[in-house]
A.B. asks: 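Sharing a structure with you now.
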Number of protein chains: 2
Amino acid sequence: MALTVLKSSRGDRTVTKPPGIDPKRTLTLRDVSEASGVSEMTVSRVLRNRGDVSPSTRERVLEAARVLGYVPNKIAGGLASQRVNLVGVIIPSLSNMVFPEVMTGISEVLENTGLQPVVGVTNYSPEREETVLYEMLSWRPSGIIIAGLEHTQPARAMMAQAGIPIVEIMDIDGQPMDSAVGISHYRAGRQMAEAIVASGYRKIAFLGTQMAGDFRARKRLQGMEEALRRAGLDLVDREFYSGGSALLKGREMTAAILARNPDVDFLYYSNDMIGAGGLLYCRDTGIDVPGKVGLAGFNGLELLDGLPVRLATMDACRMEVGRRAAQIIAGRNASPDLGPEVVELFPTLQPGDTIRQR
Amino acid sequence: MALTVLKSSRGDRTVTKPPGIDPKRTLTLRDVSEASGVSEMTVSRVLRNRGDVSPSTRERVLEAARVLGYVPNKIAGGLASQRVNLVGVIIPSLSNMVFPEVMTGISEVLENTGLQPVVGVTNYSPEREETVLYEMLSWRPSGIIIAGLEHTQPARAMMAQAGIPIVEIMDIDGQPMDSAVGISHYRAGRQMAEAIVASGYRKIAFLGTQMAGDFRARKRLQGMEEALRRAGLDLVDREFYSGGSALLKGREMTAAILARNPDVDFLYYSNDMIGAGGLLYCRDTGIDVPGKVGLAGFNGLELLDGLPVRLATMDACRMEVGRRAAQIIAGRNASPDLGPEVVELFPTLQPGDTIRQR
DNA sequence: CTGAAAGCGCTAACAG
DNA sequence: CTGTTAGCGCTTTCAG
């Protein structure tokens, strides 16, 4: 890229954009300095609100920057100050509904801290996660918020080396690297199973995602199986899917399960969306909910409020997870001597119309 | 919600690391250079696959980098090379379903170009958009993809100054700054209205979002009104909402409209989600769809496939919009002499079960 | 094929 | 309150 160096003609300091500046070149602090007749350092101070600057110089600088349309170069700033106000957020998906809500919580908290979230998406692939993490870390962010506790060995090594706060979110069934905020999905599955059994259901089937990388859904399933076992029960059937419209898949899987097992009396879905599909299927085919079958999902999606019958579900505390994670990063960023913090959140079981609360 | 904070007692995470290096400092090219006995410059070449390097040195460097766990510093790299492989993507919301799909299209194309998307969310606020844009530009990205054609004056100025390709997406009813990819929402509204009228409906009501910043929904409404006017018709009623569960709001608004106007025969929703809510309401209250009322939404969401009756809708070409926009940025990035490009996409009207296709 | 020198644009750390 | 001096960690450029 060809750059033109502008020799400063110390005589004229007009506020209007000096002619002769290569229009391809992007403005620098120096341009603002020359236009305002204030040293680069002071310009820098004004633009960052750092240190005391007299109101008059301040005004001049601001005016010059505004007129020129100067936008600071954070690449240079970051290199010089050795600090970058970025927080890497690494999540499996954006289409899952859950993660945008987590993002909302994160943004909300970060907004007033000078920190800025940057999202990376892994599509539930550990290798992709590794790549995304590497890319993120190469920007030297102030912290990382990453979904889940399961990561490849190189990913762990990178995070350990990075020397920044790491917050693993959504899950606490496992050993966090540093800090963590989440719920126990294992326990969530158990708790739902217990409530289902306590409500008198006995023939329970599971419907969920196929995704190998969705450890949390798997933990919920394990928790449920464990609880059923203790109650002397077993899952009657299970059905998995991947890809496609979740609502539609919910219908299809429900049809399949019900066709195979006409006597099933409860369907546990690994997420609310397929649960909603199942509910719609039941309504359409005249299967009484909850008279004939009870239904439960997971996540406590707002969407459920619009459904004709309320599924049982469990709130995964999504926004709160985001908030707490962001608070940890922001706190550690402000006081580097703070230690790791593990926060367990407790989801509330929403019985909907199918579960009898004890 | 009761939360417990567990202070982790293991503040002593041991990290094996080469002795003598300050553990707080992050690794530099120089560390790799020393560990491998190769000059920094050559190390840099190896790590970037630039220029010819003998296989043997190459091996040594790679090995050293791997063992140390070196992660390049893109801040420094970007400053030195005056190029940053980032593409800023500025969208109104992540919870809208539409934008994650656009992102998918963008990521897909960018994946093989060495460029990386960075998302910023404006919440449909022009001021917020301005801020987000400023932040983005301060990272000196290789391009900007931004939703909509309406921006504040300062935002326009910043983009004009930036000297990078700008692609405005989703909408082409207006004057693009540089490049643009999208559909005509005005025409989409008109087209839907024409189809509705052609199907014999006469008493049409509109249900949509309140959001002042949602220019595209407004354009669709205007297009619809225009088409109705030409057919000698007028909207019978309209209802707006903001916030809350879209599905639920769809139900409520539908109830309100139907209560006020028992003879309405068609409901046009500004998006599929509230349309789905309306559909569920009709089903629950025994209102025959499409016998009594016809329904149409907008977006062509996958979700609709799972509904008991198919609304009419219109595909906004979301993924394609993302792909094309990314292609333009990638192309301009590779060949800087390429000019602006405006791509109009044509949404297909999906008649669903309520519209008679001509 | 490899290396040395000279910055990229900004800010930390000191003087005044 | 304001200015000067050194870099930050990398890549460009130009010599070997």
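Each chain gets a letter, A, B and so on, in the order its sequence line appears, and its residues count up from 1.
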A.B. asks: For Glu40(B) and dG3(C), give me the distance from atom CD to atom C1', rounded to whole Å.
C.D. replies: 11 Å
A.B. asks: To the nearest angstrom, how far is Arg83(B) atom CZ from dG9(D) atom P?
C.D. replies: 22 Å
A.B. asks: Measure CD1/Ile75(B) against P/dG7(C) and give the value in whole Å, please.
C.D. replies: 23 Å
A.B. asks: Any Lys/Arg nitrogen of Arg66(A) or Glu63(A) sitting under 4.0 Å from an Asp/Glu carboxylate oxygen of the other?
C.D. replies: yes
A.B. asks: May I have the distance from Asn73(A) (atom CG) to dG7(C) (atom P), rounded to whole angstrom?
C.D. replies: 18 Å
A.B. asks: So, is Ser44(B) near the phosphate of dT11(D), with a side-chain N or O under 4.0 Å from OP1 or OP2?
C.D. replies: yes
A.B. asks: Are any of Ser81(A)'s side-chain N or O atoms less than 4.0 Å away from OP1 or OP2 of dC10(C)?
C.D. replies: no
A.B. asks: Let me know, please, whether Val38(B) or Arg50(A) comes out on the 5' side of the other along DNA chain C by nearest nucleotide.
C.D. replies: Val38(B)
A.B. asks: Whole Å only: how far is the CZ atom of Arg30(A) from the P atom of dT4(D)?
C.D. replies: 12 Å
A.B. asks: Does this structure show an ion pair linking Asp178(B) with Arg332(B), if we count only N-O contacts that are shorter than 4.0 Å?
C.D. replies: yes
A.B. asks: Is a donor from one side chain sitting under 3.5 angstrom from an acceptor on the other, for Glu341(B) and Ser179(B)?
C.D. replies: no
A.B. asks: Given dG9(D), dT2(D), dC1(C), identify the nucleotide with an atom nearest to the side chain of Leu79(A).
C.D. replies: dG9(D)
A.B. asks: Which dot-bracket string describes DNA chain C (Watson-Crick N1-N3 plus N6-O4 or O6-N4, or G-U N1-O2 and O6-N3, all under 3.5 Å; [ ] crossing; | other strand)?
C.D. replies: ||||||||||||||||
A.B. asks: Where the side chain of Met41(B) is defined as all heavy atoms beyond and including C-beta, which of dG9(C), dT4(D), dA5(C) is the nearest nucleotide?
C.D. replies: dA5(C)
A.B. asks: Measure the distance from CZ on Arg60(B) to P on dC1(C) and round it to the nearest whole Å.
C.D. replies: 15 Å
A.B. asks: In the structure I gave you, are the side-chain heavy atoms of Ser36(B) and Val43(B) within less than 4.5 Å of one another anywhere?
C.D. replies: yes
A.B. asks: Verify the distance criterion only: is there a donor paired with an acceptor across the side chains of Ser107(A) and Thr104(A) at less than 3.5 Å?
C.D. replies: no
A.B. asks: Using a cut-off of strictly less than 4.0 Å, decide whether Ser54(B) has a side-chain nitrogen or oxygen near OP1 or OP2 of dT2(C).
C.D. replies: yes
A.B. asks: Any pair with a residue in residues 105-129 of chain A that passes salt bridge (Lys or Arg N to Asp or Glu O under 4.0 Å), sequence neighbours left out, goes on the list, sorted by first then second residue, please.
C.D. replies: Glu108(A)-Arg323(A)
A.B. asks: Counting only side-chain N and O atoms of Tyr70(B), is one of them less than 4.0 Å from OP1 or OP2 of dG9(D)?
C.D. replies: no
A.B. asks: It should be established whether Arg48(B) places a side-chain nitrogen or oxygen under 4.0 Å from OP1 or OP2 of nucleotide dT12(D).
C.D. replies: yes
A.B. asks: Expressed as a whole number of angstroms, how long is the span from Asp52(B):CG to dG16(D):P?
C.D. replies: 21 Å
A.B. asks: When you measure from the side-chain N and O atoms of Gln82(B) to the phosphate of dC10(D), is any distance below 4.0 Å, counting only OP1 and OP2?
C.D. replies: no
A.B. asks: Just N and O in the side chain of Thr57(A): are any of them under 4.0 Å from OP1 or OP2 of dT2(D)?
C.D. replies: yes
A.B. asks: Side-chain N or O of Arg45(A) versus OP1/OP2 of dT2(D): is the shortest distance under 4.0 Å?
C.D. replies: no
A.B. asks: Which whole-number value in Å describes the distance from Leu29(A) CG to dC8(C) P?
C.D. replies: 14 Å
A.B. asks: State, yes or no, whether a side-chain contact exists between Met103(B) and Pro117(B) at a heavy-atom distance under 4.5 Å.
C.D. replies: yes
A.B. asks: Testing the 3.5 Å rule here: is there a donor-acceptor pair between the side chains of Arg140(B) and Thr26(A)?
C.D. replies: yes
A.B. asks: Could you tell me whether the phosphate oxygens of dT2(C), OP1 or OP2, come under 4.0 Å of any side-chain nitrogen or oxygen in Thr42(B)?
C.D. replies: no
